[in-house]
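Worksheet for the structure shown next.
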Amino acid sequence: MKRITILTGHYGSGKSEIAINLAIQDELNALIDLDIINPYFRSRSARKLLEANGIELIESTIENSAGSDLPFISAKGSRPFVNSDLRAVYDLGGTKHGAKVMMQFRDFIKNRDEIDFLVVVNIYRPETDQAKKIIQMVEELEATSQIRVTGFINNSNLMEYTDESMIEEGERILKEAAGTLNLPIVYTFIEEHVKTTKRYAGDNRVLIRYLAKQWL
Amino acid sequence: MKTQTVYKPTGGLTDRPLSYCPGCTHGIIHKLVGEVLEEKGLLDETVAIASVGCSVMSYEFFNCDTQQAAHGRAPAVATGIKRVRPDATVFTYQGDGDLASIGMAEIVHAAHRGENITVVFVNNAIYGMTGGQMAPTTLIGQKTTTSPRGRDQGNTGLPLRMSELLATVPGSTYLERVSVHDPKHIRKAKKALEKAFDVQEKKQGFSMIEFISTCPVNWGMTPNDSLNWAVDNLIPYYPLGVYKDATKGDDNA
Amino acid sequence: MAKGRIIIEQDLCKGCELCVYQCPVHILELDTSTTNAKGYTPLIVNDPEKCIACSFCAMICPDSVITVERFVKE
Amino acid sequence: MAKVLMKGNEAMALAAIKGGCDAFFGYPITPQNEIPEYLSYHMQEHGRVFVQAESEVAAINMVYGAAGAGARVLTSSSSPGIALKQEGISYIVGSELPAVIINVMRGGPGLGGIQPSQGDYNQVTRGGGNGDYHLLAFAPETLQETVDIVKQSFDLADYYRNPVMIAVDGLIGQMMEPVDIDKEVEQKTLEEKTWASDGTSGKRGRVNKIVSLHLDPYDLEKHNLKLKAKYDEMVEKEQRYEMIDTDDAEIVIVAYGSMARIARSAVKELRNEGVKVGIIRPITIWPFPEKAFDELPESVHTLLTVEMSLGQMLQDVKIVNQGRYQLEFYGRAGGVVPEASEIMDQVRKHLKGAK
């Protein structure tokens with residue numbers, strides 16, 4: 001894992017849950033929630049959990065106004081770029097509109113080799129159900145963030161309906177897109193309930209739904 | 001002796017007697033709209049939008065499909081109709097209280113989007129229907145039931161000039177202010193309306209004809225004195241003429 | 001010799017007099033001896049022979065009560 | 001057809017397209033923005049109309065215009081925006097036009113907040129506009145149910161010539177859930193819109209007028225009675241509700257929308273403890289499903305109404321209850337979402353022999 005992981009993708013692809021899972025599983029120093037798109041179900045609502053795990057939460061609402069929908073970008077978001085001791089995950093809002101916040105930090109990024117810019121894909125999201133749509137999305141994300149995508153995360157799922165075949169179908173379509181773009185699948189996230197012994201592309205991780213559980 | 005009819009009531013209006021006061025110029029303006037639509041053969045493909053004010057009943061008078069709008073909202077209603085029925089001819093018929101006050105946002109944004117509609121704007125510088133209150137277009141010094149000492153600039157600002165204002169909106173295409181106080185001006189006003197509906201037929205965008213109008217009852221004058229008062233007082237503040245003609249590449253007249 | 005004539009829908013006339021002022025040959029007036037169905041004093045032509053069929057009266061009439069005919073030679 | 005994973009707002013937007021929506025007019029407000037965003041992109045693909053209006057007031061009047069011209073029209077907003085739309089809604093009802101309105105509710109009053117709430121119950125079921133009127137109002141619980149209702153609502157609006165409102169709280173707008181967007185829904189047999197004022201009077205042979213003005217009070221009363229007959233028909237035919245675990249229940253929770261989801265979790269756990277508790281889940285909130293209350297078994301002694309507001313549906317429960325059961329209430333307001341444990345505590349508190 002590189003020192004900094006930035007998660008992007010379509011909204012509802014699972015970025016926030018993955019960000020929390022990565023932060024906890026890899027004992028990162030900070031989770032930076034830069035979601036200016038969604039008003040709810042943002043990784044910042046797992047503040048207590050993150051802090052209990054010693055993870056600093058930096059987020060895009062003005063302090064003490066967590067319920068607001070102001071697209072405020074905390075200056076603290078630049079810390080991991082500036083301080084090379086920090087290991088962090090960035091959680092962007094969905095689509096190219098969510099990815100454009102990265103422009104705010106462009107001038108602080110010293111070493112691009114330390115950054116993984118990963119696109120989270122769930123092929124059961126209608127906007128990313130085909131390789132050509134995924135490829136087009138990558139182009140848009142790169143254009144608005146001005147950062148090169150370095151890989152994919154296969155998070156293909158239908159929540160409680162997920163089974164092995166869905167993960168495999170996701171991998172098949174994602175490999176088609178990844179092959180065209182010459183990019184790796186860096187992680188495959190597998191729903192907690194799917195007890196599988198199969199190995200999927202990249203690092204295989206279990207996905208615990210911290211946010212969904214918290215709400216309903 | 002053989003005769004030839006040189007002027008007859010237009011088929012663009014229904015047979016219902018108009019609900020306007022004697023000598024009110026609404027009737028003349030209605031007639032012009034009806035004549036233009038009839039002569040252009042557009043009547044049976046037109047939707048009129050009646051507004052709130054004295055012309056609230058105008059849906060009874062225009063001999064075409066009509067929808068009645070809430071106060072000020074006629075341009076939004078027209079937008080809804082035109083967007084789903086782009087081949088229909090769509091016009092709103094609005095007074096100055098309706099268009100220049102409560103409906104300011106709707107008229108500016110309809111023009112701004114370049115909606116391909118025609119607006120018939122009747123400016124008589126007063127709220128007629130509700131009993132002669134001050135309108136945004138009421139002249140300084142003009143007495144109304146809510147400016148009993150005469151409109152005062154310090155309290156209420158200066159009268160709004162809508163044609164001039166809309167000429168600054170990039171999306172508007174054709175704007176002309178006309179009057180109907182005598183046959184010569186009536187002819188000119190009819191030409192302006194023809195032009196406005198031409199603009200719509202050619203899908204060139206937003207057109208508005210502002211009519212200087214009268215309100216004999218609320219102004220407290222005879223119909224003929226009202227016409228003279230409009231000529232002497234309204235027209236100097238609201239000069240007649242074309243304020244924008246973007247069909248000629250004139251974007252900011 | 002009249003060049004034409006006007007036909008007035010007496011019962012629709014609101015007696016506003018706008019036509020009276022616009023008539024270039026001054027042949028229109030209100031009949032103040034009577035009222036029509038609506039209660040207005042209706043329009044009459046006091047000297048039809050002078051009508052020039054100019055249509056000014058009809059053009060200015062807000063209530064479309066006037067039809068204008070021109071005499072044509074056979 | 002296979003399920004896909006969608007966000008509530010996005011799913012409602014797609015469902016509208018599938019339901020035959022010809023035109024959308026709206027204005028941005030959190031938490032429903034994904035609806036206009038989705039439609040701004042996808043309506044064009046289907047050759048349909050999308051306009052971002054200058055205000056909610058303009059948007060609803062565009063809806064009124066397009067509906068009058070015979071189109072199937074949608075607008076969406078959230079609580080304060082729905083408040084602004086009330087003028088147009090009243091006109092649409094008065095002119096007997098069909099339209100579909102989605103309200104993704106947030107906390108109020110005033111600007112309130114952007115967190116989920118059910119504080120618009122009165123606004124939705126009592127109307128905020130002027131005059132004697134009702135909307136056919138749905139309050140679905142899952143995205144699948146929401147999608148099905150959105151698709152159906154265009155038919156229902158056309159059938160009754162009356163607006164249909166789908167009131168979901170922000171959670172349903174923002175949550176992700178698998179849905180089968182192509183699931184078949186019941187369709188109505190509809191008559192041609194021969195009343196539309198669409199600029200085809202030439203073909204039709206007569207002109208059409210869309211008007212809500214009736215200056216003669218007797219005439220207006222007649223018009224109101226005509227509307228009333230439609231509401232009576234809705235009360236008779238359209239009440240929808242779900243009875244959950246009520247067969248042997250002693251306490252019955254009354255909850256709709258997200259609140260019902262939370263109540264379900266509470267009931268599941270309480271049932272494991274042996275507590276006899278069930279749920280009446282209104283799916284229509286107007287007409288209020290009074291028939292559900294006639295289906296309750298003898299074993300019931302208490303109704304516990306729970307809402308994400310301070311007791312608005314409670315008034316309807318009171319009207320329907322007619323003194324039959326002990327009535328209790330629990331609510332959270334301002335965008336606070338109650339946890340299942342809070343509901344469980346309330347149920348335990350009202351069990352017979354408790355205290």
Side-chain angles (χ1 to χ4, degrees), chain B residues 11-14 16 19 37 41-52 56-92 102-113 115 117, chain D residues 21-25 27 43 47-73 75 85-92 94-95 97 99 129-130 195-215:
Chain B
L13 299 181
T14 62
R16 285 190 64 120
S19 52
L37 290 174
L42 293 174
L43 262 182
D44 58 10
E45 54 193 69
T46 294
V47 184
I49 294 102
S51 56
V52 171
V56 69
M57 304 284 289
S58 60
Y59 63 86
E60 299 269 23
F61 311 134
F62 292 119
N63 197 9
C64 58
D65 281 357
T66 312
Q67 192 162 348
Q68 213 286 317
H71 202 24
R73 316 296 177 225
V77 176
T79 298
I81 296 168
K82 189 70 179 187
R83 292 297 183 109
V84 298
R85 301 289 176 251
D87 295 332
T89 299
V90 177
F91 77 92
T92 69
I102 193 169
M104 180 60 96
E106 284 78 7
I107 192 67
V108 170
H109 283 273
H112 156 68
R113 286 189 300 269
E115 290 298 339
I117 58 170
Chain D
C21 171
D22 298 312
F24 174 91
F25 304 94
Y27 186 79
M43 285 294 260
R48 305 187 197 174
V49 173
F50 171 90
V51 178
Q52 179 170 324
E54 63 271 27
S55 68
E56 283 91 348
V57 177
I60 194 69
N61 281 286
M62 291 175 188
V63 168
Y64 167 64
R72 294 187 129 187
V73 203
T75 188
K85 288 187 200 281
Q86 296 301 335
E87 170 196 80
I89 292 172
S90 176
Y91 274 71
I92 293 168
S95 309
L97 298 178
N130 61 302
W195 44 261
S197 165
D198 59 359
T200 60
S201 61
K203 281 185 216 150
R204 207 185 305 128
R206 57 155 212 289
V207 296
N208 281 341
K209 309 279 176 181
I210 304 285
V211 176
S212 61
L213 183 73
H214 301 263
L215 290 172

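Chain letters run A, B, ... following the sequence lines, proteins first and then strands; every chain starts at 1.
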| Checking heavy atoms, do the side chain of B:D87, its backbone, both or neither come under 4.5 Å from chain D? | neither
| Could you give the distance from OG (D:S197) to CD (B:Q68), rounded to the nearest 0.5 Å? | 11.5 Å
| Does B:D65 offer a backbone N or O that forms a donor-acceptor pair with the side chain of D:S201 under 3.5 Å? | no
| message | Between D:R48 and chain B, with a heavy-atom cut-off of 4.5 Å, which part of the residue counts as in contact: side chain, backbone, both or neither? | response | neither
| remark: Nearest heavy-atom contact between D:G199 and B:V47 is N-CG2, 3.2 Å
| message | Report which part of D:L97 has an atom under 4.5 Å of a heavy atom belonging to chain B: side chain, backbone, both, or neither. | response | side chain
| message | Is the shortest side-chain heavy-atom distance between D:T200 and B:R85 below 4.5 Å? | response | no
| message | As an exercise: rank B:A105, B:P75, B:A88 by heavy-atom pairs under 4.5 Å with chain D and give me the winner. | response | B:A105
| Does B:R113 have any salt bridge (Lys or Arg N to Asp or Glu O under 4.0 Å) partners at least two apart in sequence or in another chain, and if so, which? | B:E115, D:E54
| message | Counting only non-hydrogen atoms closer than 4.5 Å, does B:L42 touch chain D with its backbone (N, CA, C, O), its side chain (CB onward), both, or neither? | response | neither
| field | Shortest non-hydrogen separation from B:H71 to D:Y91 and the atoms involved | value | N-OH, 4.3 Å
| query | Is it the side chain or the backbone of D:V211 that comes within 4.5 Å of chain B heavy atoms, both, or neither? | reply | both
| Side-chain heavy atoms of D:I60 within contact of B:R73, under 4.5 Å | no
| task | Looking only at non-hydrogen atoms, find the nearest pair between D:A58 and B:A76 and report the distance. | result | O-CB, 3.5 Å
| message | As an exercise, state the distance from CD of B:E45 to NZ of D:K203, rounded to the nearest 0.5 Å. | response | 9.5 Å
| What's the shortest heavy-atom distance between D:A66 and B:G80, and which atoms? | CB-O, 3.4 Å
| query | Is chain B contacted by the side chain of D:A196, its backbone, both, or neither, given a heavy-atom distance below 4.5 Å? | reply | backbone
| field | Option in B:M57, B:K82, B:H109 with maximal non-hydrogen atom pairs under 4.5 Å from chain D | value | B:H109
| query | Side chains of D:N61 and B:E106: does their closest heavy-atom pair fall under 4.5 Å? | reply | no
| For B:R16, salt bridge (Lys or Arg N to Asp or Glu O under 4.0 Å) partners two or more places apart | B:E60
